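Accompanying notes for the structure given below.
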Amino acid sequence: MIFAEFVSGDIWGELPISDLSYSLEINAPGSASLKVPLWAFDWQALQPWRVLVYIQRGQQILWGGPLLAFAVDLEAEDVTLSAIGLWGYYRRRVIGVSVSYVQLDQGAITKALVTTFGDGTAGPQGMTWDGSVVTGVIRDRTYARYEYKALGQAVEDLAGVRDGFDFGIYHAWSGSRILNSFRFSPQAGIPTDVVLEHGANSDVPSLTVDGTARTTEAIVTGGGEGDDQLAAVWLDLPAEANPSRRIPRLTSVQSRQDVTTTATLTGYAQQMISEGSTPVVLPAVRLYPDAYPGPGDLQPGHLVRVRARAGGRLVLDGVYKVTAVSVRLTDGGEECTLTLVPGEVFASVGSASTP
């Protein structure tokens with residue numbers, strides 16, 4: 001484990017660790033828990049929010065984020081550190097000045113928000129931008145000072161509409177410093193050649209088919225009151241009418257009081273229909289230790305093919321998007337599990353309607 005001062009980014013040292021667990025999550029901070037020996041613990045330096053904790057394997061930085069808390073076990077003579085991914089810091093910043101972005105790429109809006117209201121004032125001032133910030137999707141966004149909207153929520157909302165984007169913060173050495181890089185990826189996922197084969201390089205002990213989020217009518221309400229309140233409705237009529245797959249109308253309602261444009265509300269409604277367009281087949285996947293792919297080979301947003309046979313039959317063969325990578329390391333060995341969603345939930349479906 002490497003630790004650095006949060007504000008300056010200066011590397012302060014390394015610590016041996018024993019039990020370790022961490023998670024990487026798409027469009028979210030993730031978390032980590034580590035045990036260090038009590039004799040190695042620096043009480044003055046290792047204070048919540050004062051340091052960034054990095055988990056390294058070889059020369060690859062697998063995870064990074066601020067220390068949130070620690071628990072001291074005097075009998076076992078160890079200290080358990082709890083940390084949150086670096087994006088958790090940006091959820092604690094607010095947009096404190098009224099700003100408008102007109103006909104600007106959503107990636108450029110994100111960069112402007114993060115650099116102005118995250119890094120620009122008492123922040124780590126170390127965020128870099130991995131690759132182009134151009135996503136090809138133009139948006140209009142206005143943020144009023146009096147709302148004090150959380151910066152993290154603003155970016156997550158921008159990412160969460162139809163034709164939005166995925167993002168994450170990744171870490172790498174640059175000379176004697178660790179760079180924290182914001183990386184965009186397409187909402188539909190990043191294609192890879194990875195095939196997870198049950199019994200070959202992974203275990204798929206079970207799968208769940210979940211229709212809880214099925215939606216054929218998505219309603220999103222926005223700003224305004226009474227009859228003047230904005231709203232958008234998006235329908236999946238084929239799911240209700242096609243004899244081969246029809247189901248009754250299932251309505252989901254979402255409130256976005258801070259949204260004052262119908263186009264933005266429609267984007268949220270479209271995304272709700274897309275994500276609710278089919279029952280979700282969720283396989284449980286554990287990677288084999290010391291095999292390819294390993295924890296450092298996959299990241300949230302990657303598309304992988306998952307295959308599983310049972311009783312001589314192919315029961316699962318599909319493309320899935322990795323939404324989380326969870327790793328646990330103990331004296332008994334390493335375990336890496338993946339959270340996956342079917343790639344087809346990001347297909348465009350439905351037809352527009354106005355209430």
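By convention here, the first residue in the shown sequence is residue 1. Because the structure is predicted, anything quoted here is derived from the model rather than measured.
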Handout entry: Under 3.5 Å: donor-acceptor pair, side chain of Ser33, backbone of Ser82
Key = no
Exercise for the section: Examine distances only and state if a side-chain atom of Tyr89 and a backbone atom of Gly118 form a donor-acceptor pair shorter than 3.5 Å. Expected result: yes
Handout entry: Sidechain N-carboxylate O distance under 4.0 Å for Arg177, Asp10
Key = yes
Practice task
Kindly check if the number of other-residue, nucleotide or ligand heavy atoms within 6.0 Å of CZ (Arg313) is above 12?
Solution key: no
Handout entry: Any Gln229 side-chain heavy atom under 4.5 Å of Gln257 side chain
Key = yes
Problem - Salt bridge present between Glu335 and Arg328 (N-O < 4.0 angstrom) - result: no
Exercise for the section: Taking the side chain as every heavy atom from C-beta outward, state whether Glu334 and Val327 have any atom pair closer than 4.5 Å. Expected result: yes
Exercise for the section: Rounded to the nearest 0.5 Å, what's the gap from CD1 on Ile26 to CD on Gln187? Could you check? Expected result: 9.0 Å
Exercise for the section: Determine whether Phe70 and Val36 make a side-chain contact, defined as any pair of heavy atoms from C-beta on separated by less than 4.5 Å. Expected result: no
Handout entry: Arg92 atom CZ: more than 12 heavy-atom contacts under 6.0 Å
Key = no
Problem - Glu156 side chain to Leu158 backbone, donor-acceptor under 3.5 Å - result: no
Fill in the blank from the handout: When rounded to the nearest 0.5 Å, the distance separating CG of Leu62 from CD1 of Ile55 is 7.5 Å
Handout entry: Within one Ile-Leu-Val-Met-Phe-Trp-Tyr cluster: Val209 and Leu316, side-chain cutoff 4.5 Å
Key = yes
Problem - Nearest-0.5 Å distance, CG of residue Leu15 to CG of residue Asp42 - result: 8.0 Å
Exercise for the section: Using only heavy-atom distances, determine whether the side chains of Thr264 and Arg141 contain a donor-acceptor pair under 3.5 Å. Expected result: yes
Exercise for the section: Would you give the length of the straight line joining atom OG1 of Thr142 to atom CG of Asp140, rounded to the nearest 0.5 angstrom? Expected result: 7.5 Å
Problem - Backbone of Ser277 reached by a side-chain donor or acceptor of Arg214 within 3.5 Å - result: yes
Problem - Gln254 side-chain N/O to Leu265 backbone N/O, donor-acceptor pair under 3.5 Å - result: no
Handout entry: Under 3.5 Å donor-acceptor, Thr110 side chain and Gln106 backbone
Key = yes
Problem - Common cluster, Trp173/Ile169, ILVMFWY with side-chain heavy-atom separation under 4.5 Å - result: yes
Practice task
Compare every heavy atom of Arg162 with every heavy atom of Arg139, then report the nearest pair and how far apart it is.
Solution key: NH2-O, 2.9 Å
Exercise for the section: Check for a donor-acceptor pair, side chain of Gln56 on one end and backbone N or O of Ile2 on the other, with a separation under 3.5 Å. Expected result: no
Problem - Ile109 reachable from Val97 in the ILVMFWY side-chain graph, under 4.5 Å edges - result: yes
Practice task
Rounded to the nearest 0.5 Å, what's the gap from CD on Gln271 to CD1 on Ile273? Could you check?
Solution key: 11.0 Å
Problem - Ser98 side chain to Arg145 backbone, donor-acceptor under 3.5 Å - result: yes
Handout entry: Close side-chain approach of Val325 to Leu338, heavy-atom, < 4.5 Å
Key = yes
Handout entry: Any Gln299 side-chain heavy atom under 4.5 Å of Ser185 side chain
Key = no
Handout entry: pair Tyr54-Asn180: side-chain heavy atoms closer than 4.5 Å
Key = yes
Fill in the blank from the handout: Separation between CG (Leu34) and OH (Tyr22), nearest 0.5 Å, reads 11.0 Å
Problem - Test item: side-chain donor near acceptor, Ser326 and Ser23, under 3.5 Å - result: no
Problem - Phe184 and Phe165 aromatic ring geometry - parallel, tilted or perpendicular at 30°/60° bounds - result: perpendicular
Problem - Path from Val137 to Val161 over hydrophobic side-chain contacts below 4.5 Å - result: no
Handout entry: Carboxylate-amine/guanidinium contact Asp73 Lys35, below 4.0 Å
Key = no
Exercise for the section: I would like to know whether Asp157 and Tyr268 meet side-chain contact (heavy atoms from CB on, under 4.5 Å); could you show each step before the answer? Expected result: CA-CA 9 Å; Asp157 288 348; Tyr268 286 122; 3.1 Å; yes
Problem - Check: Thr128/Ser181 side-chain N/O donor and acceptor closer than 3.5 Å - result: yes
Practice task
Please confirm whether the backbone N or O of Val259 pairs with a side-chain atom of Thr261, one donor and one acceptor, at under 3.5 Å?
Solution key: no
Practice task
Using the side-chain contact (heavy atoms from CB on, under 4.5 Å) rule, take Val53 and Met1 through it: C-alpha gap first, then chi angles, then the decisive distance, then the call.
Solution key: CA-CA 7 Å; Val53 174; Met1 183 199 87; 3.5 Å; yes
Practice task
Could you go through the side-chain contact (heavy atoms from CB on, under 4.5 Å) check for Tyr143 and Leu113 one step at a time?
Solution key: CA-CA 10 Å; Tyr143 303 97; Leu113 289 172; 4.0 Å; yes
Handout entry: Note, Val155 side chain near Val114 side chain (heavy atom, < 4.5 Å)
Key = yes
Exercise for the section: Using atom types as modelled and distance alone, determine if a side-chain donor or acceptor of Asp297 lies under 3.5 Å from a backbone N or O of Gly294. Expected result: yes
Problem - Check: Asp210/Thr208 side-chain N/O donor and acceptor closer than 3.5 Å - result: no
Problem - Minimum heavy-atom distance between Pro205 and Ala284, given as atom pair plus value - result: CD-O, 3.2 Å
Problem - Closest contact, heavy atoms only, Gly30 versus Ile84 - result: O-CG1, 3.5 Å
Exercise for the section: Applying side-chain contact (heavy atoms from CB on, under 4.5 Å), run through Leu81 and Phe41 and close with a yes or a no. Expected result: CA-CA 10 Å; Leu81 309 180; Phe41 187 73; 3.7 Å; yes
Problem - Pro66 versus Trp49, closest heavy-atom pair with distance - result: CG-CZ3, 3.6 Å
Exercise for the section: Please name the pair of heavy atoms, one in Tyr288 and one in Asp203, separated by the smallest distance, quoted to 0.1 Å. Expected result: OH-OD1, 3.0 Å
Exercise for the section: Indicate if Val322 and Tyr292 have the same hydrophobic cluster label, given that clusters are the connected sets of ILVMFWY residues with side-chain heavy-atom separations under 4.5 angstrom. Expected result: yes
Handout entry: pair Tyr320-Leu282: side-chain heavy atoms closer than 4.5 Å
Key = no
Exercise for the section: Could you tell me which non-hydrogen atom of Pro29 sits nearest to which non-hydrogen atom of Trp87, and how far apart they are? Expected result: CA-CB, 4.0 Å
